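All values derive from a computational prediction rather than experimental measurement. Just so it is clear, the values below take in all heavy atoms, side chains as well, and ignore hydrogens, waters and symmetry mates.
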Amino acid sequence: MKKKIVLRVVAVICFILFTFMVIMGYDKIAKYNNSDVYRENAYVGGDAYNYIINGTYATAYFTLASGFFISGIICVVSEFMISVRDETIDERDDELPAL
């Protein structure tokens with residue numbers, strides 16, 4: 001029972017981190033503005049270099065997001081397999097002959 005709760009908590013954390021990483025990656029791609037005043041996503045003087053740098057950051061965020069998503073799915077499937085195994089074991093106990 002404790003394993004199922006731990007897996008559920010880890011899955012929820014992974015899905016929250018997945019959402020955060022997708023938002024961060026999208027932010028790097030969509031909110032680029034190279035002006036003299038606003039320089040949040042501008043790193044060097046040229047626009048092309050800044051696009052390359054932001055694209056690399058976005059790729060890293062999306063890669064982390066996919067890792068967290070896959071980890072969350074693995075936790076959900078593992079929790080399901082543990083519950084199926086526990087139900088199967090409970091059913092087998094009922095079928096055992098009396099000694």
Side-chain angles (χ1 to χ4, degrees):
M1 184 69 170
K2 185 171 178 134
K3 289 180 186 177
K4 291 188 335 186
I5 294 171
V6 169
L7 284 171
R8 187 172 296 166
V9 168
V10 170
V12 168
I13 290 171
C14 285
F15 289 131
I16 289 171
L17 288 172
F18 161 75
T19 305
F20 178 73
M21 292 299 163
V22 167
I23 290 170
M24 291 296 293
Y26 180 75
D27 182 59
K28 286 292 179 186
I29 291 175
K31 293 187 179 179
Y32 173 70
N33 185 10
N34 189 13
S35 67
D36 292 333
V37 179
Y38 179 75
R39 297 191 57 89
E40 183 178 329
N41 289 334
Y43 305 100
V44 294
D47 276 342
Y49 294 122
N50 287 326
Y51 280 120
I52 292 170
I53 293 168
N54 282 336
T56 305
Y57 275 122
T59 302
Y61 282 125
F62 290 143
T63 303
L64 282 170
S66 64
F68 283 124
F69 184 75
I70 291 170
S71 298
I73 294 295
I74 289 172
C75 288
V76 168
V77 169
S78 299
E79 178 191 353
F80 176 73
M81 290 174 64
I82 287 173
S83 18
V84 167
R85 184 193 65 187
D86 290 345
E87 288 174 9
T88 307
I89 289 173
D90 289 341
E91 289 174 4
R92 271 195 237 152
D93 288 343
D94 294 338
E95 296 174 2
L96 291 175
L99 294 177

*Asks:* Can you measure from OG1 (T63) to CE (M21) and round to the nearest 0.5 angstrom?
*Replies:*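 Interatomic distance, T63 OG1 to M21 CE, rounded to 0.5 Å: 11.0 Å.
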*Asks:* In terms of hydrophobic clustering (I, L, V, M, F, W, Y; side-chain heavy atoms under 4.5 Å; direct or indirect links), are F20 and V22 co-clustered?
*Replies:*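 Yes, F20 and V22 fall within the same hydrophobic cluster.
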*Asks:* Looking at residues at least two apart in the chain, or sitting in another chain, which of them share a ring-ring contact (aromatic ring centres under 6.0 Å, His included) with F62?
*Replies:*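 Here no residue qualifies.
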*Asks:* Taking atom CG of N54 and atom OG1 of T59, what is their separation to the nearest 0.5 Å?
*Replies:*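 It comes to 10.5 Å.
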*Asks:* I need the minimum non-hydrogen distance between C75 and L7, along with the two atoms involved.
*Replies:*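 What the structure gives for the nearest pair is CB-O, 3.7 Å.
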*Asks:* Any link between F69 and Y61 through a network of hydrophobic side chains (Ile, Leu, Val, Met, Phe, Trp, Tyr) touching at under 4.5 Å?
*Replies:* yes
*Asks:* Applying the 4.5 Å side-chain criterion to the ILVMFWY set and letting contacts propagate, would L17 and V12 be lumped into a single cluster?
*Replies:* no
*Asks:* Starting from I13, can I reach I73 by hopping between I/L/V/M/F/W/Y residues whose side chains sit under 4.5 Å apart?
*Replies:* yes
*Asks:* F15, M24: one ILVMFWY side-chain cluster at the under-4.5 Å cut-off?
*Replies:* yes
*Asks:* Looking at every heavy atom in both S71 and C14, which two are closest together, and how far apart are they?
*Replies:*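 In this case the closest contact between S71 and C14 is CB-SG, 3.8 Å.
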*Asks:* Between K4 and E79, is there a salt bridge with N-O shorter than 4.0 Å?
*Replies:* no
*Asks:* I need the minimum non-hydrogen distance between G72 and A11, along with the two atoms involved.
*Replies:* O-CB, 3.9 Å
*Asks:* Work out which heavy atom in K3 is nearest to a heavy atom in I82; give both atom names and the distance.
*Replies:* CB-CD1, 4.3 Å
*Asks:* In Å, rounded to the nearest 0.5 Å, how long is the span from OG1 of T56 to OH of Y51?
*Replies:* 14.5 Å
